[in-house]
Colleague: 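Take a look at this one; I'll ask things after.
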Number of protein chains: 2
Amino acid sequence: MQWDDARIFLAVAREGSFSSAAKRLGVQHSTVSRRIRALENKLAAPLVERKASGYVLTEAGEELKQSACRIENELLSFEGAVGGQTDEVAGELRVTAIANMASSVLMPYFARFSAAHPKIELSVQVTNNSVRLSEREADIAIRQTNKPQDTLIGTRLTTIASAVYGSRDYCAAVKSGQAAEKWIGVDCCENHRNWTRQAWPQAEHEFYVDETSLTLAALKEGLGVGFLPCFLGDSDPGLARFHEPEKQHELGLWLLYHRDLRNIKRVALFREHMQREIKQAAALFEGAMPISHPAGQLA
Amino acid sequence: MQWDDARIFLAVAREGSFSSAAKRLGVQHSTVSRRIRALENKLAAPLVERKASGYVLTEAGEELKQSACRIENELLSFEGAVGGQTDEVAGELRVTAIANMASSVLMPYFARFSAAHPKIELSVQVTNNSVRLSEREADIAIRQTNKPQDTLIGTRLTTIASAVYGSRDYCAAVKSGQAAEKWIGVDCCENHRNWTRQAWPQAEHEFYVDETSLTLAALKEGLGVGFLPCFLGDSDPGLARFHEPEKQHELGLWLLYHRDLRNIKRVALFREHMQREIKQAAALFEGAMPISHPAGQLA
DNA sequence: TAACCGTTTTGCAAAAATGCACATGGCAGG
DNA sequence: CCTGCCATGTGCATTTTTGCAAAACGGTTA
């Protein structure tokens with residue numbers, strides 16, 4: 001039996017289709033198709049059933065998936081043990097994060113990590129909150145939460161404070177009574193939604209957004225005030241704080257990964273790198289008033 | 001990482017050389033050499049140290065061997081689970097037995113098994129008693145012993161009785177006082193050696209042999225008397241029993257295999273086949289006087 | 001029903017791995 | 001000291017595997 005066939009099958013079992021398995025493996029779908037077929041022939045047992053909607057694993061397929069998972073762990077831990085001995089770390093590393101963070105604050109950190117470890121292929125993917133790390137859709141997830149899934153392990157990188165922001169002009173106008181207080185309906189995540197409902201109980205909005213980048217843009221347009229993570233609000237010169245950040249609106253920023261990856265050198269390196277980088281920018285995340293406009297704070 | 005590389009490395013680690021690993025894998029040694037080198041490059045860690053006398057596994061190599069072993073078991077047990085569902089059993093099966101048995105009594109059994117399961121590639125190898133089944137040098141071993149290694153599992157197929165034989169003429173001559181009693185020094189195995197020493201304490205021999213087929217030939221030449229398994233002595237019309245078989249000279253015939261193979265269909269099939277075959281020939285093995293010359297017994 | 005989407009399969013050319021033959025190098029025995 | 005043997009490494013031809021493009025399939029939607 002070709003042991004590699006198990007590896008390919010595992011990808012299929014996880015991804016749910018030949019094409020996506022192929023993409024993940026970095027080969028052609030035709031290759032996947034042919035090898036799975038060959039494997040089925042060799043075993044004289046079907047592994048996947050081509051059903052109407054998508055497909056399902058047969059009983060044998062499930063068995064093989066389990067076995068292949070264990071094999072993967074076996075090799076992973078071996079690689080972890082050996083990897084520690086070699087100087088330069090190589091391999092691929094797939095990191096997933098929420099869009100607004102990955103494309104803004106985090107990107108420089110990613111860039112520096114990549115530069116420091118040229119042999120590691122770093123691939124960043126944005127995902128809407130739910131990545132099944134147990135299915136190895138990514139190696140590492142960076143998430144904002146206060147209760148990380150306990151099947152995963154990782155580190156609390158920092159605290160993310162959120163505050164209520166509005167455009168500088170709009171905030172001034174409201175505070176001087178020249179404009180009415182309006183709130184933007186921020187539906188980007190469960191937390192922001194709840195906070196908004198609490199802070200603005202009438203729950204009337206003229207404008208709704210479901211993504212943080214949209215919130216940012218809407219606030220800048222002076223469409224109202226709304227919750228925004230401080231690292232975004234404070235770094236935009238067009239915005240001002242309408243309310244100061246409060247403890248209850250703090251979220252943890254977690255770097256999470258699967259237990260089986262805990263001994264993999266490149267995962268550990270990435271974790272340490274992120275810890276170092278974020279430590280330096282702690283003030284920004286935790287909502288300490290930025291240096292660029294300290295006047296309001298000191299006055 | 002290519003999972004197949006682990007499979008190839010495992011063969012190397014077990015066999016102790018690239019060439020024999022290649023033979024076992026059914027590929028060219030150059031392939032083995034190239035793949036091991038590629039693997040070492042990928043891991044950036046040497047796996048085997050090319051020493052003066054042969055070679056040794058590095059620490060990393062030992063680790064990988066362990067991991068690969070576990071992976072093999074994983075796939076083996078999967079194959080076992082799935083194999084049960086399919087109708088025709090396929091795969092390779094390597095059986096080892098002592099030369100004198102494999103080439104005589106056992107061969108017809110092997111032949112019938114092979115005919116009954118054409119998809120199983122049966123390879124029979126003679127080995128001098130010590131096969132390291134734990135290193136998978138063979139899948140199944142057939143051995144004469146009274147205390148099988150407890151790391152292995154298997155079945156006691158039958159009892160092998162041994163008796164003292166000589167050529168018909170020579171036996172008659174000794175019994176009528178026309179010839180002196182001479183014993184052949186049978187050094188084929190520990191047991192026969194000890195029994196001979198016991199039965200012929202003067203331990204003087206004019207002729208020594210270290211293999212059962214030689215014993216047989218020597219006895220037929222009338223060079224003396226000596227111990228021989230009944231299944232050999234009784235089926236040779238030129239020989240006669242000089243002493244009857246005794247309980248203390250009985251050995252078990254064991255069919256042994258590694259624990260990990262217990263769920264493999266083809267192993268189970270082989271075991272059942274051999275049990276059936278040998279049950280039918282029980283009388284022969286156990287030393288019940290053969291039908292062909294009952295006269296001496298009944299008279 | 002037809003057209004479209006995504007997925008899988010198939011045919012053919014390119015790329016990669018393998019086998020083969022030979023060269024090399026260490027070790028044991030004459 | 002040489003010679004033969006065994007194990008490993010290398011260059012080239014062949015086989016096998018893979019990638020690519022296009023076709024077939026299945027299901028959904030207009």
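Numbers restart at 1 for each chain; the letters A, B, ... are given by sequence-line order, proteins then strands. A quick note: this is a predicted structure, and the numbers were derived from the prediction, not measured.
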Colleague: Looking at every heavy atom in both A/Thr96 and A/Val126, which two are closest together, and how far apart are they?
Modeller: OG1-C, 4.2 Å

Colleague: With a 3.5 Å cut-off and no angle check, do the side chains of A/Arg70 and A/Asn73 form a donor-acceptor pair?
Modeller: no

Colleague: Are the side chains of B/Tyr257 and B/Asp139 in touch, meaning some heavy atoms are under 4.5 Å apart?
Modeller: no

Colleague: Base, sugar-phosphate, or nothing: which does B/Val32 touch, judged by heavy atoms less than 4.0 Å apart?
Modeller: nothing

Colleague: State whether A/Gln28 places a side-chain N or O below 4.0 Å from either non-bridging phosphate oxygen (OP1 or OP2) of D/dT18.
Modeller: no

Colleague: Let's see if you can work this out: which of D/dG19, D/dT18, C/dG19 has an atom nearest to the side-chain heavy atoms of B/Thr31?
Modeller: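 For B/Thr31, the side-chain atoms sit closest to C/dG19.
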
Colleague: Side chain of A/Arg35 only, heavy atoms from C-beta on: which candidate in D/dT18, D/dT8, C/dT9 is closest?
Modeller: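 Closest nucleotide to the A/Arg35 side chain: D/dT18.
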
Colleague: Rounded to the nearest Å, what distance is computed from the CG atom of residue A/Leu25 to the C1' atom of nucleotide D/dT18?
Modeller: 13 Å

Colleague: Look at the side chain of B/Ser17 and decide which nucleotide, out of C/dT8, C/dG19, D/dA7, has an atom nearest to it.
Modeller: D/dA7

Colleague: Send over the distance from B/Lys23 NZ to D/dC6 P, rounded to a whole Å.
Modeller: 10 Å

Colleague: What is the separation between atom NE2 on B/His29 and atom C1' on D/dT10, rounded to the nearest whole Å?
Modeller: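 Taking NE2 of B/His29 and C1' of D/dT10, I get 11 Å after rounding.
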
Colleague: Base, sugar-phosphate, or nothing for A/Arg34, non-hydrogen atoms under 4.0 angstrom?
Modeller: base

Colleague: Closer to the 5' end of DNA chain D via nearest nucleotide, is it A/Gln2 or B/Arg37?
Modeller: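 Here B/Arg37 is the residue nearer the 5' end.
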
Colleague: Could you please name the option among D/dA7, C/dG19, D/dC20 that lies closest to any side-chain atom of B/Ser30?
Modeller: C/dG19

Colleague: Write down the atom of A/Ala102, the atom of A/Ala97, and the distance for their closest heavy-atom approach.
Modeller: CB-CB, 4.0 Å

Colleague: Take atom CD1 of B/Ile36 and atom C1' of D/dG9, then tell me their distance rounded to the nearest Å.
Modeller: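 Distance, rounded to whole Å: 14 Å.
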
Colleague: What is the distance, rounded to the nearest whole Å, between atom CG of A/Asp4 and atom P of C/dT18?
Modeller: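 To the nearest whole Å, that distance equals 11 Å.
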
Colleague: Round to a whole Å and report the spacing from CZ of B/Phe18 to P of D/dA7.
Modeller: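 It is 13 Å, rounded to the nearest whole Å.
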
Colleague: The test is side-chain hydrogen bond (donor to acceptor under 3.5 Å, both in side chains); show your working for A/Ser17 and A/Ser20 and say whether it passes.
Modeller: CA-CA 6 Å; A/Ser17 83; A/Ser20 29; 2.4 Å; yes

Colleague: Any base atoms under 4.0 Å from B/Ser20, or only sugar-phosphate, or nothing? Heavy atoms, all strands.
Modeller: nothing

